[in-house]
A.B. asks: 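Below you'll find the structure I mean.
Numbering starts at 1 and runs along the sequence shown. Since the structure is predicted, the reported quantities are computational estimates derived from the model, not experimental observations. Heavy atoms only: backbone and side chains are in, while hydrogens, waters and symmetry mates are out.
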Amino acid sequence: IKEHGLDRFGRLMVRNVAQARALGERVEAAPELELLGPVSLNIVCFRYAPDRLEDPDGFQSRVREVVIREGSFYLVKTSLHGRTWLRTTLINPLTTESDLEALLDRVEALAAP
């Protein structure tokens, strides 16, 4: 805070919230992705949930394991309303919209036959 000041940190937080909302909109627009609920801060809970998956909750767990093992993204797995969801929290000031697109692209690619 001494080096960068509160104003800069405030701008970065506002940017992360805007990025989270944009990510939520992208999830809502994707036919095979599902958003848990409205994005109001910097946390986005979503899942890949097409009807063709036999075990959608297990799939979310496997996606998280692969993504974490690859080291390309960090996702948390959470259980809400009896279903497994992927959760990302935007706090890194270096995160770009391209990074978020790549995250969703990777999740969708893991479901490809």
A.B. asks: At their closest point, which heavy atom of L86 faces which heavy atom of R64, and how far apart are they?
C.D. replies: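 So the minimum-distance heavy-atom pair works out to CD2-CB, 4.1 Å.
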A.B. asks: Within the side chain of R15, is there an N or O that forms a donor-acceptor pair under 3.5 Å with the backbone of P93?
C.D. replies: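 It does hold such a pair.
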A.B. asks: Should the pair K77-E65 be classified as a salt bridge under the 4.0 Å nitrogen-to-oxygen rule?
C.D. replies: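 Salt bridge between K77 and E65, a charged N being under 4.0 Å from a carboxylate O: no.
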A.B. asks: Between R47 (side chain only) and L35 (backbone N and O only), is there a donor and an acceptor less than 3.5 Å apart?
C.D. replies: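 Answer holds: no.
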A.B. asks: Under the 3.5 angstrom rule, does the side chain of E34 hit a backbone N or O of F46 as a donor-acceptor pair?
C.D. replies: no
A.B. asks: Using the test ring pair (Phe, Tyr, Trp, His ring centres under 6.0 Å), find all partners of F73 that sit at least two apart in sequence or belong to another chain.
C.D. replies: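 For F73 there are no ring pair (Phe, Tyr, Trp, His ring centres under 6.0 Å) partners, ignoring immediate neighbours.
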A.B. asks: Please evaluate residues N92 and T95 with respect to the criterion side-chain hydrogen bond (donor to acceptor under 3.5 Å, both in side chains), reporting the C-alpha separation (whole Å), side-chain torsions for both, the decisive distance (0.1 Å), and the verdict.
C.D. replies: CA-CA 6 Å; N92 185 335; T95 298; 4.5 Å; no
A.B. asks: I want to check something: taking the side chain as every heavy atom from C-beta on, are L103 and L75 in contact at a cut-off of under 4.5 Å?
C.D. replies: yes
A.B. asks: Look only at the side chain of E101 and the backbone of E97, and say whether a donor-acceptor pair between them is shorter than 3.5 Å.
C.D. replies: no
A.B. asks: Does R62 use its side chain to pair, donor to acceptor, with the backbone of G58 at less than 3.5 Å?
C.D. replies: yes
A.B. asks: Tell me whether N42 contacts the main-chain N or O of L90 through its side chain, where contact means a donor paired with an acceptor under 3.5 Å.
C.D. replies: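 Indeed, once roles are kept as given, a pair shorter than 3.5 Å links the two residues.
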A.B. asks: Pick from L23, V27, T88: which one makes a side-chain contact (heavy atoms from CB on, under 4.5 Å) with L100?
C.D. replies: L23
A.B. asks: Salt bridge or not between R26 and D105? Use side-chain N to carboxylate O under 4.0 Å.
C.D. replies: yes
A.B. asks: Test R52 against E32 for side chain to side chain contact (heavy atoms under 4.5 Å, CB included), laying out the working first.
C.D. replies: CA-CA 10 Å; R52 65 181 166 77; E32 295 190 331; 3.9 Å; yes
A.B. asks: Can you name the nearest heavy-atom pair linking D57 to G82, along with the distance?
C.D. replies: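 Nearest heavy atoms, D57 then G82: OD2-O, 4.0 Å.
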A.B. asks: Between N16 and Q19, is the side-chain hydrogen bond (donor to acceptor under 3.5 Å, both in side chains) condition met? List the steps.
C.D. replies: CA-CA 5 Å; N16 284 149; Q19 288 174 318; 3.0 Å; yes
A.B. asks: Can you name the nearest heavy-atom pair linking Y48 to A111, along with the distance?
C.D. replies: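 In this case the closest contact between Y48 and A111 is CE2-CB, 3.2 Å.
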A.B. asks: Within a strict 4.5 Å, meaning less than it, do heavy atoms of the T89 and V76 side chains meet?
C.D. replies: no
A.B. asks: Are V39 and M13 grouped together when hydrophobic residues (ILVMFWY) are joined by side-chain heavy atoms under 4.5 angstrom apart?
C.D. replies: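 No, V39 does not connect to M13 through the hydrophobic network.
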A.B. asks: So do the side chains of I91 and L12 get within less than 4.5 Å of each other, counting heavy atoms only?
C.D. replies: no
A.B. asks: What's the spacing between F59 CZ and L53 CG if we round to 0.5 Å?
C.D. replies: 6.0 Å
A.B. asks: Should I43 and R87 be marked as a side chain to side chain contact (heavy atoms under 4.5 Å, CB included) after you check the CA-CA gap, both sets of side-chain angles, and the distance that decides it?
C.D. replies: CA-CA 7 Å; I43 299 171; R87 185 184 72 178; 3.5 Å; yes
A.B. asks: Would you check if Q60 and R83 make a side-chain contact, meaning some heavy-atom pair closer than 4.5 Å?
C.D. replies: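 The answer is no, as the side chains (C-beta and beyond) never meet within the 4.5 Å cut-off.
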A.B. asks: Looking at every non-hydrogen atom in both residues, tell me the closest pair between S40 and R21 and how far apart they are.
C.D. replies: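 Answer, listing the atom of S40 first, then R21: O-NH2, 3.1 Å.
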